[in-house]
Amino acid sequence: MISPSIAIVGRSGDTHNYEAALHRLEVSCITTMNVQEAAQADRLLLPGGGDITPAFFGQTNHGSRNIDTELDILQLQALSLFMEQKKAVLGICKGLQIINVHLGGTITQDIQTADRHKWTGQDQRHRVWHDGLDHADFFYQLYGPGALVNSAHHQAIDRLGDGLYAVCRAGDGIIEGIAHRTLPVAAVQWHPERMMDEGGDRLLHYFACRFPTL
């Protein structure tokens, strides 16, 4: 396996796709619910899953489902540790939203265009477009001005958290990728682990082997 190791903070029964994708790239990883164990790894992957507990971004529940508050707390704690140590972090789907909430951002609990994005028994597909003039961000380096991605979410970023900026958006304006301005933290709203032969491998390889650490 290629170093560095990656910690996936999640329930092991729900993370098989991420583990399989990283093993395919010959990248070592562990899946754990133990924050201190996760902190021993070089990089953190925050996987997709259900919705975040709305209280964590100052709202009552009006559309969130499949909430796992214990997991939310552990993921937020792990993210805090990795950011303090300036280690690389990648968020996927819910992981993107965890990063945003940790930095003071908010979530739209049920987006108006959910029918274009949500899980329908399978992933949907749509294009995302680079957002901005900075061609140094990870999205432009990997995909250029746009890419076809999969989609299985009904929530999305509303207000961006401190230090974050959008790197790509869907055609309806939904933020589909973010990066931090000064720390090695990035995230996407889609699932690269489920489209390895269609560009997902590029993102995961970049995170595991090329994503800068400070």
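In this text, all values refer to a predicted model and were calculated from it rather than measured experimentally. Just so it is clear, the values below take in all heavy atoms, side chains as well, and ignore hydrogens, waters and symmetry mates.
The CG atom of Leu76 lies 9.0 Å from the CG atom of Leu71; values are rounded to the nearest 0.5 Å. Atom CD of Gln85 is separated from atom CG of Asp42 by 10.5 Å, given to the nearest 0.5 angstrom. Rounding to the nearest 0.5 Å places CG of Asp72 at 11.0 Å from CD of Gln77. Atom-to-atom distance recorded for Cys29:SG and Leu45:CG is 8.5 Å, nearest 0.5 angstrom. Rounding to the nearest 0.5 Å places CD1 of Ile157 at 11.5 Å from CZ of Phe57. Atom CD of Glu26 is separated from atom CG of Leu22 by 12.0 Å, given to the nearest 0.5 angstrom.
Between Ile178 and Val167, the closest side-chain pair of non-hydrogen atoms is not below 4.5 Å. Using a 4.5 Å cut-off on side-chain heavy atoms (C-beta onward), Lys94 and Leu46 make no contact. A heavy-atom distance below 4.5 Å is found between the side chains of Ile99 and Val89. Counting only heavy atoms from C-beta outward, the side chains of Ile107 and Pro54 never approach each other to under 4.5 Å. Residues Pro192 and Trp190 have side chains in contact (heavy-atom distance under 4.5 Å, counting atoms from C-beta outward). Two residues are said to be in side-chain contact when any heavy atoms from C-beta on lie closer than 4.5 Å; Val149 and Arg127 fail this criterion. Between Gln97 and Phe56, every side-chain heavy-atom pair lies at or beyond the 4.5 Å cut-off.
The stretch residues 119-139 participates, sequence neighbours left out, in these ring pair (Phe, Tyr, Trp, His ring centres under 6.0 Å) pairs: His117-His126, His130-His135, His130-Tyr140, His135-Tyr140, Phe139-Tyr143.
A donor-acceptor contact shorter than 3.5 Å links the side chain of Asn100 to the backbone of Thr106. Asn61 places a side-chain N or O within 3.5 Å of a backbone atom of Gly63 that can act as its donor or acceptor partner. No donor-acceptor pair under 3.5 Å is formed between the side chain of Glu176 and the backbone N or O of Cys168. When atom types are taken as modelled, the side chain of Arg159 and the backbone of Gly104 share a donor-acceptor pair closer than 3.5 angstrom. In this structure a side-chain-to-backbone donor-acceptor pair under 3.5 Å is present from Tyr18 to Gly48. Remark: the backbone N or O of Asn34 is paired with a side-chain donor or acceptor of Thr32 at under 3.5 angstrom. Between the side chain of Lys87 and the main chain of Ala39, a donor-acceptor pair closer than 3.5 Å is present. Distance alone, capped at 3.5 Å, places no donor-acceptor pair between the Arg169 side chain and the Ile174 backbone. A distance-only check finds a donor-acceptor pair linking the side chain of Arg43 to the backbone of Phe207 [under 3.5 Å]. Gln75 places no side-chain N or O within 3.5 Å of a backbone atom of Ile98 that could act as its donor or acceptor partner.
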Item to check | Residue pair Arg116, Ser151: steps toward the side chain to side chain contact (heavy atoms under 4.5 Å, CB included) verdict | outcome: CA-CA 8 Å; Arg116 305 180 197 174; Ser151 187; over 6 Å; no
Checklist entry - Under the side chain to side chain contact (heavy atoms under 4.5 Å, CB included) criterion, do Glu193 and Ile92 qualify, and how do the steps go? => result CA-CA 9 Å; Glu193 80 285 357; Ile92 294 175; 3.8 Å; yes
Next on the checklist: Would Leu203 and Leu142 count as a side chain to side chain contact (heavy atoms under 4.5 Å, CB included) here? Give the steps.
Outcome noted: CA-CA 7 Å; Leu203 176 56; Leu142 295 174; 3.8 Å; yes
Item to check | Residue pair Thr53, Thr69: steps toward the side-chain hydrogen bond (donor to acceptor under 3.5 Å, both in side chains) verdict | outcome: CA-CA 6 Å; Thr53 306; Thr69 301; 2.8 Å; yes
Item to check | Derivation and outcome, side chain to side chain contact (heavy atoms under 4.5 Å, CB included), residues Met195 and Leu148 | outcome: CA-CA 10 Å; Met195 49 177 292; Leu148 182 68; over 6 Å; no
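Side-chain polar atoms of Gln155 and Ser64 form a donor-acceptor pair below 3.5 angstrom.
Taking Ser12 as the reference, Thr31 meet the side-chain contact (heavy atoms from CB on, under 4.5 Å) condition, with sequence neighbours excluded. The salt bridge (charged side-chain N to carboxylate O under 4.0 Å, His left out) search around Asp51 returns none, not counting sequence neighbours. Residues forming a side-chain contact (heavy atoms from CB on, under 4.5 Å) with Cys93 (at least two apart in sequence, or on another chain): His153, Gln189, His191. The salt bridge (charged side-chain N to carboxylate O under 4.0 Å, His left out) test applied to Glu37 returns no partner, not counting sequence neighbours. Applying the side-chain contact (heavy atoms from CB on, under 4.5 Å) test to Ala114 and every residue at least two apart in sequence or in another chain returns Asp110, Ile111, His154.
Closest non-hydrogen pair, Ala21 versus Leu204, comes out as CB-CD1, 3.8 Å. Between Asp123 and Ala152 the shortest heavy-atom distance is OD1-CB, 3.6 Å. Across all non-hydrogen atoms, the minimal contact from Pro47 to Thr15 is CG-CG2, 4.5 Å.
Under a 4.0 Å N-O distance rule, the pair Arg11/Asp68 qualifies as a salt bridge. Taking a cutoff of 4.0 Å between a charged side-chain nitrogen and a carboxylate oxygen, Asp197 and Arg24 qualify as a salt bridge.
Under the 4.5 Å side-chain heavy-atom criterion for ILVMFWY residues, no single connected hydrophobic cluster contains both Val9 and Ile67. Taken together through direct or relayed side-chain contacts under 4.5 Å among Ile, Leu, Val, Met, Phe, Trp and Tyr, Leu90 and Leu25 form part of one hydrophobic cluster. By the rule that hydrophobic residues join a cluster once side-chain heavy atoms approach within less than 4.5 Å of another member, Phe211 and Tyr165 end up as members of one cluster. Residues Leu96 and Leu160 share a single hydrophobic cluster, defined by chaining ILVMFWY side chains whose heavy atoms lie under 4.5 Å apart. Under a hydrophobic clustering in which Ile, Leu, Val, Met, Phe, Trp and Tyr are joined whenever their side-chain heavy atoms come within less than 4.5 Å, directly or via other members, Phe82 and Leu103 fall into the same cluster.
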